[in-house]
Every structure is written in C-alpha cells, then in structure tokens.
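Notes follow the structure.
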Amino acid sequence: MSEKRPSLSPARFLSARRRHRSAGLVVLLFGLLAVGSAYAAFAPDNAVADNSAQSQQIEEGKKLFAVGCSSCHGLNAEGGGNGEGKMAGPSLIGVGAAAVDFQVGTGRMPAMQPGAQIPRKAPAYSEKEIEALAAYVASLAPGPSVPGSESYDVSKATDEQVTRGGELFRTNCTACHNFAGRGGALPNGKYAPSLMGVSEKHIYEAMLTGPQQMPVFSDQVMQPEDKRDIIAYLKALETQKDPGGFGLGRLGPVSEGLWGWFVGIGLLVAVAVWIGAKGVKAKGAKASE
C-alpha cells in the first residue's frame, strides 16, 4: 500500500514553486494587472475626456488654419507662399501657442496686405477660434505656451513694483517704445507700436515671443516677475496725468522743442510786429497833428 503525500498549504505551495522558471513572468503579469486595475478605477474618465477635447480643439484649429493661414504659411505651417501672388509667411513650427495668441489676438494676423510691418487691428477670429489655432500650432512642435493670468495680473501691484518696472522699461524698452510707451520710428519703414491700451496678456506674450523686429525676452533672459513689473509700470502710465496740462504726445524733447519754436517764438514775433505797427501808427498820427 502506497504512502500518501502530505497536502501543502497555499503558502507552502507558492514557496515550493517560487523558483520555477515562469515565476517571474507570473509576478510581472499580476503586477501589471494590479496597476492597470487601479488606474482604470481612479482616473480613466477625466484623462480620456481631456485627450478627446484636446484632439477636437487641435482638429478644429487645423481646419481654421487651412482656410485662413495656409496660403501664406504653408499647408503644414512650414512657411512660404503658394505661388499665386500670396504673401510668403515664415514657418510657424516651434513658435508656440503664445505667438499665435498674440498675433491673431491683436488682429495682426491674418494680414490684409504686405508691408514693412503689420499693424494692429480688430481680431478676425473669436476667442475659441484663437485658442484652437494656438492649440494646433503648439501641437506641431514645442514652443512658448499662453501664460496664465497669474503671470500678468497687476491689479494688486504695489508702488515699489511700478517703480521697479519703470527702471526695467527704461533700461530695455525705451530705445524703441519711447520712455512713455508711446512707440517710435525704426529703420526701413518699421516702427515700435504704442503700448497704450494693449492688454496685459498681449504685452507679456510680446516679451515672451518677440514679434516682428522685437527681441525675445524669454524667462531665461527676463524673469516672469520682471515682466509683470514692466506691465504694472505701463498700466500706471495709462492713468498718469500730464502735469503741464498738455502731453504733446509724450514724444520727448522733439515735440516740446517744436512747440517752443513754432508756437512760443511765433507768438513773440506776432506780439513784436503788433507793437511795432502800433508804434508806427501812433507816430504817424502825431506827425499829422
């Protein structure tokens, strides 16, 4: 009569087979199954919904781009015209969402006609359409993203921040934009536009992306808090009154000098002529007596 083998408990059963060649594979499969189950239980819906919404936005932006931008910037944003007299726009690969939001949000794009510089005008697209265009261009290659409101909100800026922003602005920006942010002329028919009335977000994006001939002030070149202080200074200028009563465009000594020569000296000449004419008339009347 054969002797019965003692039954093994589950723990002893696993311990006896832990050195089996397929034991590692089984453990790996169990681990992947556990991780997958946990992910599916805690975060499937939001992730899928976010990816779906982003994909739809990018697809919408691609359609808008094909209709309104591809004739100048190429069907795949690679740049260049289409050979039919259209403007040859630069490549947009890698410019980022911030550049698109600035150019389209300020109405500079789409451009109506070629020129030394594209002026600001009313936007041709709605905010949602601009967001879709920016999302599509951002999907082509990494680039500066649209800043959040915390980056450019200056509603609670202190006097110290405004003063510091003025120092930074006069050091980095007045050569083109004038000390009061009213803009100025540049070579080859170009100009630095006025910064008065420009939204805080667009000012930040302009510093971040460097549109047209403006240099790029990335976060490595100029810290975000420095950009915010400059914006605070510009917004303070918008509400600043002119102590003399006349701002004269705040263009500096040129406009003030012209005012002095043509108006001030002109009035002095007119008064001198009036006094001389009155004296001659009085002398003639006395001689006739």
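All figures in this text were calculated on a predicted structure; none of them were measured in a lab.
Partners of Q223 under the side chain to side chain contact (heavy atoms under 4.5 Å, CB included) rule, at least two apart in sequence or in another chain, are E225, D226. In this structure K235 satisfies the salt bridge (Lys or Arg N to Asp or Glu O under 4.0 Å) test together with E238, sequence neighbours excluded. In terms of the side chain to side chain contact (heavy atoms under 4.5 Å, CB included) criterion, residue partners of R108 (sequence neighbours excluded) are, by chain and number, F102, Q103, T106, I118, R120, P193, Q212. Residues that satisfy the side chain to side chain contact (heavy atoms under 4.5 Å, CB included) test with L75, not counting sequence neighbours, are A66, S70. For D219, the salt bridge (Lys or Arg N to Asp or Glu O under 4.0 Å) partners are K227, not counting sequence neighbours. Judged as a side-chain hydrogen bond (donor to acceptor under 3.5 Å, both in side chains), and not counting sequence neighbours, S139 has no contacts. Y152 meets the ring-ring contact (aromatic ring centres under 6.0 Å, His included) test with no other residue; sequence neighbours excluded. In terms of the side chain to side chain contact (heavy atoms under 4.5 Å, CB included) criterion, residue partners of V146 (sequence neighbours excluded) are, by chain and number, A97, D101, K201, E205.
S145 and L208 make their closest contact through O-CD2, 3.9 Å (heavy atoms, listed as atom of the first residue, atom of the second, distance). In plain terms, the two heavy atoms of T209 and V216 that are nearest each other are O-CG2, 3.4 Å. Considering every non-hydrogen atom in both G105 and I130, the closest pair reads CA-CD1, 3.8 Å. Heavy-atom minimum distance, S91 versus A77: OG-O, 3.3 Å. The two residues A236 and V162 make their nearest non-hydrogen contact at CB-CG1, 3.8 Å. The two residues A206 and P211 come nearest to each other via the heavy atoms O-CD, 3.2 Å.
Within the structure, the salt bridge (Lys or Arg N to Asp or Glu O under 4.0 Å) test picks out no pair touching residues 130-150 (sequence neighbours left out). Screening residues 189-229 for ring-ring contact (aromatic ring centres under 6.0 Å, His included) gives no qualifying pairs among residues at least two apart or on separate chains. A salt bridge (Lys or Arg N to Asp or Glu O under 4.0 Å) check over residues 261-276, counting only residues at least two apart or in different chains, returns nothing. Listed by first and then second residue, the ring-ring contact (aromatic ring centres under 6.0 Å, His included) pairs involving residues 154-173 are F169-Y233 (not counting sequence neighbours).
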Audit row: I231, M207, side chain to side chain contact (heavy atoms under 4.5 Å, CB included) steps and yes/no
CA-CA 10 Å; I231 294 173; M207 290 188 281; 4.0 Å; yes
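The closest side-chain heavy-atom distance from L268 to V271 is not below 4.5 Å.
D153 places a side-chain N or O within 3.5 Å of a backbone atom of S155 that can act as its donor or acceptor partner.
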